[in-house]
Amino acid sequence: MEQKSIKLIIESKLENVALLGMAINKLCSLTPLSEVESYQVELCVVEAVNNSIKHAYEGKACNEVEVVFTLYPSKVVVDVCDRGKSMEQSIFNEKQLSALEVDPNDIMKLSESGRGIPIIKEVMDSVVYKSKEGKNCLTMIKRLEARGGKDNDSI
Amino acid sequence: MEQKSIKLIIESKLENVALLGMAINKLCSLTPLSEVESYQVELCVVEAVNNSIKHAYEGKACNEVEVVFTLYPSKVVVDVCDRGKSMEQSIFNEKQLSALEVDPNDIMKLSESGRGIPIIKEVMDSVVYKSKEGKNCLTMIKRLEARGGKDNDSI
Amino acid sequence: MIQFETYEKDDLLIVKPKVKRLDAIVAVSFKDKITEFINQGKKLILLNLNDVNFIDSSGLGAIVTILKRLGRDGKLYLCYVSEPVENMFKLTRMDKIFKIFDTEEQAIQSVK
Amino acid sequence: MIQFETYEKDDLLIVKPKVKRLDAIVAVSFKDKITEFINQGKKLILLNLNDVNFIDSSGLGAIVTILKRLGRDGKLYLCYVSEPVENMFKLTRMDKIFKIFDTEEQAIQSVK
Ligand SMILES: Nc1ncnc2c1ncn2[C@@H]1O[C@H](COP(=O)(O)OP(=O)(O)O)[C@@H](O)[C@H]1O
Ligand SMILES: Nc1ncnc2c1ncn2[C@@H]1O[C@H](COP(=O)(O)OP(=O)(O)O)[C@@H](O)[C@H]1O
């Protein structure tokens with residue numbers, strides 16, 4: 001099977017994010033992913049796009065967020081790209097799954113934000129952030145076969 | 001309500017058309033359109049995109065077909081654009097709903113093609129084709145309110 | 001390209017395309033494959049569209065081609081037509097042309 | 001912005017957000033509105049998530065804010081949590097934090 005690909009572009013407004021999320025969710029129905037897994041992929045894309053709008057573009061409209069969804073026989077690759085302020089690689093690296101841990105006995109310590117990147121790292125099999133020539137891309141890979149373990153495969 | 005908009009781009013290969021169609025179908029679930037009506041909108045987009053690939057780009061890959069889906073409170077507007085050979089306005093105008101009529105008593109006369117544009121004209125409330133500076137756009141409007149009659153409203 | 005399930009019941013050839021979308025990408029191989037059956041002498045064909053949930057004008061055109069290749073002494077029947085596909089047949093007036101049955105059994109009974 | 005259905009049952013305030021997506025676009029008005037209820041003295045809140053089929057980290061963050069504003073003598077319950085939303089709570093370990101009931105009735109019974 002050849003790869004199939006579609007690019008989705010929105011203006012950097014939160015109003016448009018649901019359109020992207022729903023389109024991505026539906027595209028996942030072309031894969032063997034389950035309904036909950038498709039929701040998880042949608043969630044990761046929404047988190048990444050929200051981050052581009054809130055952090056890279058600091059909430060300003062009139063900029064573009066670009067999402068490329070590519071379907072291979074054994075994986076789905078989603079790139080979320082912006083041309084705003086890039087994220088420091090150290091922030092990206094520091095955000096580990098441990099950020100999702102909670103202490104049920106001390107709810108006052110629960111964090112009210114900061115779960116976006118950890119969620120993406122938890123759901124996806126590989127996540128890479130790169131900035132080049134003013135374009136920042138978060139590349140997320142979800143494997144469709146041999147999905148037992150996580151790995152750090154490059155694309 | 002503000003308008004919401006998303007742009008979807010594929011390379012001019014028939015393999016990618018289903019991705020576009022499914023995304024458009026799902027986006028229609030944000031509107032009051034019924035399931036069958038959403039399917040009809042998907043169908044029109046698929047017909048228009050197939051035409052861009054087959055006719056405007058003469059089946060050649062490596063070109064882009066761009067679809068913009070915009071949701072207003074009272075209508076959905078979908079633009080399908082290419083930068084290939086433009087369609088003569090007379091061909092577009094000649095393709096009337098009558099092309100869909102059939103004679104059940106003479107199946108040998110049934111046409112094997114030529115239903116794309118007539119279907120679009122039948123389903124949509126307004127259809128306009130324009131070429132400008134090398135970019136060809138088919139603009140289709142489906143009304144969401146007062147959908148009793150067809151009209152020729154401009155956008 | 002396109003996969004089929006086929007089986008025969010007396011003179012009737014039942015063909016079930018294993019695709020969700022009967023569209024431009026499969027239309028040609030779809031009509032070529034069924035033309036082979038016609039060339040082998042099949043005259044009665046039942047298309048089981050159970051798996052198909054989308055059809056565009058290319059897919060419809062392929063069915064029309066098959067209908068015409070079957071000619072005047074052949075017959076084409078359809079069954080398990082989903083709501084969107086049925087709606088597409090109505091849009092294109094094909095509901096006046098194709099004989100559509102709810103189920104495979106009903107088609108088989110009526111052809112007997 | 002965000003619409004709610006609310007009603008009280010003894011000391012329990014039942015709040016049903018009328019949105020399909022509890023996401024970044026509604027998160028602020030969502031927590032502001034419920035904070036108003038808390039400021040009015042409500043201590044027991046049941047969130048009926050029946051209409052919600054998607055929640056992102058902003059929506060989740062808003063619920064955490066509400067939980068913290070309720071403080072140690074308040075309580076937050078959830079009910080009618082759809083499968084994807086429940087999965088999101090698991091991903092973020094919130095299933096260990098929120099008390100989730102299947103139905104509104106069960107929540108009401110248990111709070112009595
Ligand atoms: N696309 C981005 N561009 C710039 N900075 C980002 C981007 N995504 C994330 N960041 C930075 O990383 C931090 C953590 O992001 P995240 O885990 O999604 O949580 P949150 O967005 O809730 O803060 C953000 O607060 C921001 O400083
Ligand atoms: N996007 C387009 N660019 C150029 N020519 C087009 C385009 N769309 C349609 N046409 C012309 O109009 C004709 C009718 O199109 P249509 O009604 O979709 O039927 P079909 O594609 O089956 O021929 C085509 O055969 C082609 O000559």
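Remember, it's a predicted structure, so these values are computed and weren't measured experimentally. Letters A, B, ... are given to chains in the order of the sequence lines, protein chains preceding strands, and every chain is numbered from 1.
With hydrogens and angles left out, the side-chain atoms of A/Arg115 and D/Thr92 include no donor and acceptor closer than 3.5 Å. In summary, the side chains of A/Glu35 and A/Ser38 do not present any donor paired with an acceptor at a separation below 3.5 Å, with no hydrogens or angles considered. For A/Asn63 and A/Glu11, the side-chain atoms include no donor-acceptor pair closer than 3.5 Å.
With respect to chain A, the highest number of heavy-atom pairs below 4.5 Å among D/Ile63, D/Leu60, D/Thr65 belongs to D/Thr65. Looking only at heavy-atom pairs under 4.5 Å with chain D, the residue among A/Pro104, A/Ser113, A/Ala99 that has the most is A/Pro104. No other option in A/Gly116, A/Ala18, A/Gly21 has as many heavy-atom pairs under 4.5 Å with chain D as A/Ala18. Heavy-atom pairs under 4.5 Å with chain D were tallied for A/Val102, A/Asp103, A/Asn105; the largest tally goes to A/Val102. Ranked by heavy-atom pairs shorter than 4.5 Å toward chain A, the options D/Ile55, D/Asp23, D/Asn53 are led by D/Ile55.
Only the side chain of A/Ile119 comes within contact range of chain D, with at least one heavy atom under 4.5 Å from a heavy atom of that chain. Looking at D/Arg21, only its side chain comes within 4.5 Å of chain A, counting heavy atoms on both sides. Residue D/Ile97 touches chain A through its side chain alone, counting heavy-atom pairs closer than 4.5 Å. Within the 4.5 angstrom heavy-atom criterion, no atom of A/Lys13 approaches chain D. With a threshold of 4.5 angstrom between heavy atoms, D/Asn87 approaches chain A through side-chain atoms but not through N, CA, C or O. Heavy atoms of A/Glu112 lying under 4.5 Å from chain D belong to its backbone as well as its side chain.
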Quiz item: For A/Lys121 and A/Gln96, what are the C-alpha separation, side-chain angles and deciding distance, and is it a side-chain contact (heavy atoms from CB on, under 4.5 Å)?
Solution: CA-CA 7 Å; A/Lys121 288 185 174 174; A/Gln96 290 303 323; 3.5 Å; yes
Exercise. Under the side-chain contact (heavy atoms from CB on, under 4.5 Å) rule, what do D/Ile34 and D/Phe4 come out as? Steps first, then yes or no, please.
Key: CA-CA 10 Å; D/Ile34 298 195; D/Phe4 290 105; 4.1 Å; yes
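Under 4.0 Å is where a charged nitrogen must lie from a carboxylate oxygen, and between D/Asp73 and D/Lys43 at least one such pair does. Here A/Glu58 pairs with A/Lys85 in a salt bridge; the nearest charged N to carboxylate O distance falls below 4.0 Å.
Between A/Leu100 and A/Ser98 the shortest side-chain heavy-atom distance does not fall below 4.5 Å.
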